**Q** 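Below: one structure in structure tokens.
Since this is a predicted model, take the numbers as computed values, not measurements. Throughout, residue positions are numbered sequentially from 1 according to the sequence presented.
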Amino acid sequence: MNTSRALLYSFTDPTFRPLKSPPDISSPKRRPRERLNFRVRLHNHRCCVSRVSVRNSGRGETWKVYADVKSEPYEILKSVPESVKLEEDALDDVVLDSTMPWWEEFPKRWVIVILCFSAFLLCNMDRVNMSIAILPMSAENNWNPATVGLIQSSFFWGYLLTQIAGGIWADTVGGKKVLGFGVIWWSIATILTPVAAKVGLPFLLVVRAFMGIGEGVAMPAMNNILSKWVPVSERSRSLAFVYSGMYLGSVTGLAFSPFLIHQFGWPSVFYSFGSLGTVWFAAWLSKAHSSPLDDPQLRPAEKKLIFANSFSKEPVEKIPWRLILSKAPVWALIVSHFCHNWGTFILLTWMPTYYNQFCYLLADKLQKIFTAWQLHFYKSNLSLDNTTEQNLLLAIQVLKFNLTESGLFCVLPWLTMAFSANLGGWIADTLVSKGLSVTTVRKIMQSIGFLGPAFFLTQLSHIDSPAMAVLCMACSQGTDAFSQSGLYSNHQDIAPRYSVSIHPCNAVGVLLGLSNTAGVLAGVFGTAATGYILQHGKNSSLAFVAAGSWDDVFKVSVGLYLVGTVVWNLFSTGEKILD
């Protein structure tokens, strides 16, 4: 029998703490489960058994890894003798340090996904806070509805500029830098909003546009990072989780903004929400990398999993614009995206104002009834009892002091939207799996996404209670979310290559860039047009706009929903039209 020792590796690590002694597999005593790399090699009727040990060289924190190798003759048998059978625990793959905390074993790719989710949470929090804060801001600065619409739409000016540019930039310098820039940029713009509002309206418009520039790069940068970090088998789940951050961000922003305004004033919303971006940015710098290849701490097993389950398509060197724009389904996608986003962005930016004004209308009606009763009792030499009179006055005050309620009312529709989006996806996948054509499924889902909101918006002119208004809005946005399984899923159906990359690894996409640009234009024109319509109502005060004005706003949205329904069902398809 021959025995020898080999030096495998020498390293210096002040944080490394090895096992006190290598495990002895020959001991019959049951020991704590230790992990040990163990290899048996058969060669020329000889058996080589190696054992790894780690020792301190005695010079500071320098460690050396040795392998004890033992070789002896053997006879090949049909069965393994009991004398050489090893305990199952001793054959486990093992690491040198068995005390690794659980958070270090958490998959790094899901750390990236969670950070992207958090970024999108902050994205919508910082976006929707203006829809609540605009109420006290307009009262303080005497802004009319047209001015409010201009302020709301200025965000989309910057957002429009970086839709495609953000994707190209992310492909050039890496998604980590671009997404980090976007979050810190829009966070600074959010913090500067109160200062700009006090300086003057032009400065506020510029700051809001700057904020749109920051949020515009978030989507392409996130897609760029996840396309490299997340295996294909996990991509749908990761994207669904990240996008759900947008819904949760809307809910969080609408829920907390009224409380902060009531307690500390409207500037506190922008200061507190904007400061959260700096906290996220610090975590992003320390934990994120643009690609698994850039992360020196990524475990080899996870890196192997990511690359083994990823695929890269042949990059598109030249975009056939003439061919793409000659296809009717492409134009159906663009037009439908515009029609859909017109109503969606109006609800996103103007819903708190609508609830606020709706309650003022009810308060005004109640005030008139109360006055008429007082006059009647006065003429009849009668008087209202104190309890009844106090209850009526309290009801009027509650309806008029409704900033908190207007924010909380907006939460339910967004929660409904988050639920319906996942429900619609499950229904669509089920229909396809049962043999229904993709074209039929896309048309069904998008028809629900158009006709559902159109129907419920028309009912708003016939209701006279806040509860029913909230219910109609919730149903409207709940059915609107079925569009996630309609037009938003159609890019991959009709042109897989051009919905994934314009340049190598660029996740913006030709079709997504075209249709999303149309969708952002709907936000620019829709929010401004809403302010113009409200301005030319029976009363131009933002605190009290006539119900007829809101009916006109909803009629425009309903009309575009119907146009989108016709165009989508006539010209859309779920089949591949571009190779």
**Q** Looking at Y561 versus H340, is the centre-to-centre ring distance below 6.0 Å?
**A** no

**Q** Would you confirm whether S131, through its side chain, and V128, through its main-chain N or O, come within 3.5 Å as a donor-acceptor pair?
**A** yes

**Q** Quiz question: by atom type and distance under 3.5 Å, do the side chains of Q446 and S483 form a donor-acceptor pair?
**A** yes

**Q** Parallel, tilted or perpendicular: which one describes the rings of W550 and W350, with boundaries at 30° and 60°?
**A** perpendicular

**Q** Please verify the inter-ring angle class for W185 with F181; under 30° counts as parallel, over 60° as perpendicular, anything in between as tilted.
**A** tilted

**Q** What closest approach, in Å, do P413 and V470 show between heavy atoms, and which atom pair accounts for it?
**A** CG-O, 4.5 Å

**Q** Check residues 210-219 and write down every donor-acceptor pair under 3.5 Å in which the side-chain atom is one partner and the other belongs to a residue at least two apart or another chain.
**A**
residue : atom : partner : partner atom : Å
E215    : OE1  : R127    : NE           : 3.3
E215    : OE1  : R127    : NH2          : 3.4

**Q** Could you measure the distance from the OG atom of S420 to the CD1 atom of I448? Nearest 0.5 Å is fine.
**A** 10.0 Å

**Q** Given side chains that start at C-beta, do those of F264 and S272 come closer than 4.5 Å, heavy atoms only?
**A** no

**Q** Is there a donor-acceptor contact under 3.5 Å from the side chain of W229 to the main chain of H289?
**A** yes

**Q** Counting C-beta onward and ignoring hydrogens, is there a side-chain heavy-atom pair between L205 and W157 closer than 4.5 Å?
**A** yes

**Q** For the side chain of K176 and the backbone of L285, is there at least one donor-acceptor N/O pair under 3.5 Å apart?
**A** yes

**Q** So which atom in R208 and which in D126 form the shortest heavy-atom distance, rounded to 0.1 Å?
**A** NH1-O, 4.3 Å

**Q** Any side-chain heavy atom of S572 within less than 4.5 Å of one from L333?
**A** no

**Q** For residues I191 and F270, determine if any side-chain heavy atom of one lies less than 4.5 Å from a side-chain heavy atom of the other.
**A** no

**Q** About how many Å separate CH2 of W169 and OG1 of T172, when rounded to the nearest 0.5 Å?
**A** 10.0 Å

**Q** Quick one: are the ring centres of F256 and F273 less than 6.0 Å apart?
**A** no

**Q** Can you establish whether the number of heavy atoms outside Y271 located under 6.0 Å from its atom OH is more than 12?
**A** yes

**Q** Cut-off 3.5 Å, side chains only: do N124 and S250 have a donor facing an acceptor?
**A** yes

**Q** For the residue pair L451 and F455, establish whether any side-chain heavy-atom pair is separated by less than 4.5 Å.
**A** no

**Q** May I have the list of side-chain donor-acceptor pairs in residues 113-122 shorter than 3.5 Å, sequence neighbours left out?
**A**
residue : atom : partner : partner atom : Å
S118    : OG   : I114    : O            : 2.9

**Q** Would you say the side chain of I261 lies within less than 4.5 Å of the side chain of V269, judging by non-hydrogen atoms?
**A** yes

**Q** Are the side chains of I334 and W331 in contact, using a 4.5 Å heavy-atom criterion?
**A** yes

**Q** Are the side chain of R442 and the backbone of S485 linked by a donor-acceptor contact shorter than 3.5 Å?
**A** yes

**Q** If I compare all heavy atoms of F456 with all of C472, which pair ends up nearest, and what's the gap?
**A** CB-O, 3.6 Å

**Q** Check for a donor-acceptor pair, side chain of N224 on one end and backbone N or O of P220 on the other, with a separation under 3.5 Å.
**A** no

**Q** Kindly compute the distance separating OG (S286) from CZ (F281), expressed to the nearest 0.5 Å.
**A** 10.5 Å

**Q** Within this structure, what is the CD1-CG distance for the pair I184 and L179, rounded to the nearest 0.5 Å?
**A** 11.5 Å

**Q** Considering only distance and modelled atom types, tabulate donor-acceptor pairs under 3.5 Å from the side chains of residues 145-152, sequence neighbours left out.
**A**
residue : atom : partner : partner atom : Å
T147    : OG1  : N144    : OD1          : 3.0
Q152    : NE2  : T349    : O            : 2.9

**Q** Checking N569 against S447: is there a side-chain donor and acceptor pair closer than 3.5 Å?
**A** yes

**Q** Aromatic rings W284 and W280: how do their planes relate, parallel, tilted or perpendicular, breaks at 30° and 60°?
**A** parallel

**Q** Tell me whether T479 contacts the main-chain N or O of G449 through its side chain, where contact means a donor paired with an acceptor under 3.5 Å.
**A** no

